Peer 1: 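Pasting a structure here, questions to come.
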Amino acid sequence: MGENRHYVCDESEIGDPGDRVIADVRGQEIAVFNIDGGYHAVANYCPHQAGPLCEGELRGEMETGDDGWEWRYVDIKKNITCPWHAWKFDVTTGRNINDDHYAVPTYDVVVDGGNVYISF
């Protein structure tokens, strides 16, 4: 295993969509989320006022229909809301969903032998 891999949890701990584990990795809190069966990792840090971003609620999103007018709710829960001031970020990209100027760090996730690792 490469030096940049860091153990987070057993895969069974995040086996269902919407599950998450927050772990301390080399002094940094990082959360791994199960988003629709895929794993995504982000820093547990909101750039607004350093809130614990990944302790917030995970929700789906609203998007416009093909006609540009009709709105619909997409139930793939991938947007995390900071519990302090409600800033919202897409867990799959790290980007703030309201302002492209803000983002949180994301990390590669590797599953090996039932163990979940992040690398950086």
Side-chain angles (χ1 to χ4, degrees):
M1 176 170 36
E3 288 182 69
N4 63 345
R5 271 192 184 180
H6 306 279
Y7 175 80
V8 175
C9 65
D10 184 85
E11 189 175 16
S12 66
E13 294 179 59
I14 53 174
D16 294 322
D19 286 351
R20 78 190 88 178
V21 168
I22 300 172
D24 184 297
V25 179
R26 296 182 64 185
Q28 187 173 342
E29 281 194 349
I30 296 173
V32 177
F33 291 85
N34 179 333
I35 306 297
D36 202 31
Y39 300 117
H40 301 273
V42 297
N44 185 25
Y45 175 86
C46 182
H48 175 232
Q49 289 189 344
L53 175 64
C54 298
E55 293 176 18
E57 185 176 1
L58 194 61
R59 292 185 156 201
E61 63 185 332
M62 295 297 293
E63 67 178 27
T64 58
D66 294 334
D67 63 3
W69 291 96
E70 182 182 337
W71 285 87
R72 64 179 173 256
Y73 181 72
V74 178
D75 198 28
I76 297 173
K77 293 175 174 48
K78 66 175 190 165
N79 294 326
I80 191 79
T81 301
C82 181
W84 284 10
H85 301 107
W87 281 38
K88 294 173 178 57
F89 293 84
D90 181 328
V91 170
T92 65
T93 64
R95 294 200 170 273
N96 182 294
I97 66 169
N98 296 312
D99 188 339
D100 285 341
H101 291 97
Y102 298 98
V104 292
T106 60
Y107 305 92
D108 292 329
V109 179
V110 176
V111 178
D112 187 8
N115 294 316
V116 178
Y117 301 90
I118 58 136
S119 59
F120 63 90

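Values in this document were obtained by computation on a predicted structure and should not be read as measured data.
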Peer 1: Between the side chains of Arg95 and Asp90, is the shortest nitrogen-to-carboxylate-oxygen separation below 4.0 Å, so that they form an ion pair?
Peer 2: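 Salt bridge flag = no for Arg95 with Asp90.
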
Peer 1: I'd like to know if Asp112 pairs up with Arg5 as an ion pair, taking the criterion as any Lys NZ or Arg NE/NH1/NH2 lying under 4.0 Å from an Asp or Glu carboxylate oxygen.
Peer 2: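 Salt bridge between Asp112 and Arg5, a charged N being under 4.0 Å from a carboxylate O: yes.
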
Peer 1: Within this structure, what is the CZ-NZ distance for the pair Arg59 and Lys88, rounded to the nearest 0.5 Å?
Peer 2: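 Interatomic distance, Arg59 CZ to Lys88 NZ, rounded to 0.5 Å: 7.5 Å.
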
Peer 1: Are Val21 and Ile118 in one and the same hydrophobic cluster, where Ile, Leu, Val, Met, Phe, Trp and Tyr link if side-chain heavy atoms are under 4.5 Å apart?
Peer 2: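 Yes.
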
Peer 1: If every non-hydrogen atom of Gly37 is compared with every non-hydrogen atom of Pro17, which pair is closest and at what distance?
Peer 2: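 Heavy-atom minimum between the residues: N-CG, 4.2 Å.
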
Peer 1: To check you understand the geometry: which heavy-atom pair defines the closest contact between Asn96 and Asp99, and what is its length?
Peer 2: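 Closest approach of Asn96 to Asp99, heavy atoms only: OD1-N, 3.0 Å.
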
Peer 1: Report the distance from atom CG of Asn79 to atom CD1 of Ile97, rounding to the nearest 0.5 Å.
Peer 2: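 Those atoms lie 4.5 Å apart.
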
Peer 1: Would you name the heavy atoms of Gly51 and Trp84 that are closest together and state the gap between them?
Peer 2: CA-CE3, 3.3 Å

Peer 1: Suppose the criterion is ring-ring contact (aromatic ring centres under 6.0 Å, His included): which pairs have a residue in residues 89-112, not counting sequence neighbours?
Peer 2: Trp87-Tyr102, Tyr107-Phe120

Peer 1: Looking at CD1 of Ile35 and CZ of Arg20, how far apart are the two atoms once the value is rounded to the nearest 0.5 Å?
Peer 2: 8.5 Å

Peer 1: For residues Glu13 and Val8, determine if any side-chain heavy atom of one lies less than 4.5 Å from a side-chain heavy atom of the other.
Peer 2: no

Peer 1: Which pairs would a plain distance check flag for residues 40-48, meaning a side-chain donor or acceptor within less than 3.5 Å of a matching protein atom at least two apart in sequence or in another chain?
Peer 2:
from, atom 1, to, atom 2, distance (Å)
Asn44, OD1, Leu53, N, 3.2
Asn44, OD1, Cys54, N, 2.7
Asn44, ND2, Glu29, OE1, 2.7
His48, ND1, His85, ND1, 3.3

Peer 1: Which ring-ring contact (aromatic ring centres under 6.0 Å, His included) pairs, counting each pair once, include a residue from residues 14-39, with sequence neighbours left out?
Peer 2: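 Residue pairs with at least one partner in residues 14-39: there are none.
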
Peer 1: Check whether any side-chain heavy atom of Leu58 lies under 4.5 Å from a side-chain heavy atom of Val91, and answer yes or no.
Peer 2: yes

Peer 1: Checking Asp16 side chain against Asp19 main chain: does a donor-acceptor pair fall under 3.5 Å?
Peer 2: no

Peer 1: Could you check whether any side-chain heavy atom of Val116 comes within less than 4.5 Å of a side-chain heavy atom of Ile14, counting everything from C-beta outward?
Peer 2: yes

Peer 1: Please report the C-alpha distance between Asn115 and Asp10 in whole Å, then the side-chain angles of each, then the deciding distance to 0.1 Å, and finally whether the side chain to side chain contact (heavy atoms under 4.5 Å, CB included) criterion is met.
Peer 2: CA-CA 5 Å; Asn115 294 316; Asp10 184 85; 4.1 Å; yes

